[in-house]
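Heads up: the structure comes next, in structure tokens.
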Amino acid sequence: MPKHFTSGLPRLSRTHKLSVAGVATAGAAALVFSIVPGAGADQGKSQATAVENVKPVAFSAVDTAAKTQQATITQQANNSAAKGKAEAAAKKAAAEKAAKAKAAAAAKAKAAKARAEKAAASRSQVRTAIPAAAPKPAAKPVAKPAAKVYPDNLDGWIRESLDIMAKKGIPGSYEGIHRNIMRESSGNPMAINNWDINAINGTPSKGLLQVIAPTFNAYHVEGTSWNLYDPVANITAACNYAADRYGSMDNVNSAY
């Protein structure tokens, strides 16, 4: 606290100080005129005029200070208001920009979704338009060729023997086989020779082509019976032997 401050008295404001200074000046002027000798009525009048002139000067200074302070306050208020308006405008612009960006993003997402749905629908239509492949018909079982049936007679026996001989590569013809059968057994599959040298030796000739057992066993054709009296087995074994010895049964014209 300043030393000249008097406790209990209010502190003077700047305006009060100016007023006091004006009054003090006027008082000093009056005191001067009263002290100067010979001062008359004109001096008194001048003193009064001086006092009157001092008073407006003091209050004019006070008024100017107040006006200056008021102008400063007004300017500050105007600046604050302008700043607030600028901030509000900036916030509004930012909000509008954010809203536009959000709307644009939503529109973009909606368009992308629409394109995806359209593409999916298009793919579905393509799948619907393409007919499903017709199931392949079940493969028909390959029918095995029916086994050839031969009549159970001399003609059938010769034909069956020729088919077997063809598969085995044994030469011979229907005519050559038939001719030799008729000479050897007259077509009797159970024929047997009990009087020739083979019979004397204990191995009589048997069957359609009069084959002895050792020859039959040696020239037996696979797939035929092992029974020497079997017509097909007898013919194929005899033709196999004739092919080995004479080139073919067709070349045999007598006992062999």
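Keep in mind that the numbers below use all heavy atoms, side chains included, and drop hydrogens, waters and symmetry copies.
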Looking at every heavy atom in both Gly247 and Pro171, which two are closest together, and how far apart are they?
O-CG, 3.4 Å
Gap separating the CD1 atom of Ile192 from the OH atom of Tyr229, nearest 0.5 angstrom
3.5 Å
Would the distance check show the side chain of Asp230 and the main-chain N or O of Val232 forming a donor-acceptor pair, the cut-off being under 3.5 Å?
yes
Checking side-chain contact (heavy atoms from CB on, under 4.5 Å) for the pair Tyr246/Tyr256: CA distance, chi angles, key distance, verdict?
CA-CA 9 Å; Tyr246 309 104; Tyr256 61 104; 3.7 Å; yes
Close side-chain approach of Lys206 and Val211, heavy atoms under 4.5 Å:
no
Do you reckon Tyr174 sits in the same ILVMFWY cluster as Val252, going by side-chain contacts under 4.5 Å, direct or chained?
yes
Applying the 4.5 Å side-chain criterion to the ILVMFWY set and letting contacts propagate, would Tyr150 and Ile164 be lumped into a single cluster?
no
Could you grab the distance from atom NZ of Lys168 to atom OG1 of Thr224, nearest 0.5 Å is fine?
9.0 Å
Which heavy atom of Gly187 sits nearest to which heavy atom of Trp157, and what is that distance?
O-CZ3, 4.2 Å
How about Met165 and Asn240: do any of their side-chain heavy atoms sit closer than 4.5 Å?
no
Between the main-chain N or O of Met249 and the side-chain N or O of Asn180, is there a donor-acceptor pair closer than 3.5 Å?
yes
How would you list, by chain and number, every residue that makes a side-chain contact (heavy atoms from CB on, under 4.5 Å) with Asn217, sequence neighbours excluded?
Trp226
Check Gln210 against Asn193 and note the closest heavy-atom contact, atom names and distance.
OE1-CB, 3.3 Å
For residues Asn198 and Pro204, determine if any side-chain heavy atom of one lies less than 4.5 Å from a side-chain heavy atom of the other.
no
Between Lys100 and Glu96, does any side-chain N to carboxylate O distance fall below 4.0 Å?
no
In Å, rounded to the nearest 0.5 Å, how long is the span from CD1 of Ile212 to OG of Ser205?
6.5 Å
Does CZ belonging to Arg245 count more than 12 external heavy atoms closer than 6.0 Å?
no
Closest non-hydrogen atom pair, Leu162 against Gly172
CD2-O, 3.8 Å
What is the minimum heavy-atom distance between Val221 and Ala237, and which atoms define it?
CG2-N, 4.3 Å
Under 3.5 Å side-chain donor-acceptor pair for Arg179 and Asn253
yes
Could you pull out the closest heavy-atom pair between Gly207 and Ser185, with the gap in Å?
O-CB, 3.6 Å
State, yes or no, whether a side-chain contact exists between Thr236 and Ile170 at a heavy-atom distance under 4.5 Å.
no
Backbone of Gly176 reached by a side-chain donor or acceptor of Ser173 within 3.5 Å
yes
Would you give the length of the straight line joining atom CD of Gln75 to atom CD1 of Ile73, rounded to the nearest 0.5 angstrom?
12.0 Å
Would you mind reporting whether Ile177 and Met182 have side-chain heavy atoms less than 4.5 Å apart?
no
Check: Cys239 and Tyr219 side chains under 4.5 Å, non-hydrogen atoms:
no
Electrostatic pair Arg159-Asp155, nearest N-O below 4.0 angstrom:
yes
Could you tell me if the side chain of Ile235 sits less than 4.5 Å from the side chain of Ile181, heavy atoms only?
yes
Among residues two or more places apart or on two chains, list those pairs meeting ring pair (Phe, Tyr, Trp, His ring centres under 6.0 Å) that have a residue in residues 185-216.
Phe216-His220
To the nearest 0.5 Å, tell me how far Leu208 CG sits from Asn234 CG.
5.5 Å
Would you give the length of the straight line joining atom CD1 of Ile158 to atom CG of Asp163, rounded to the nearest 0.5 angstrom?
12.5 Å
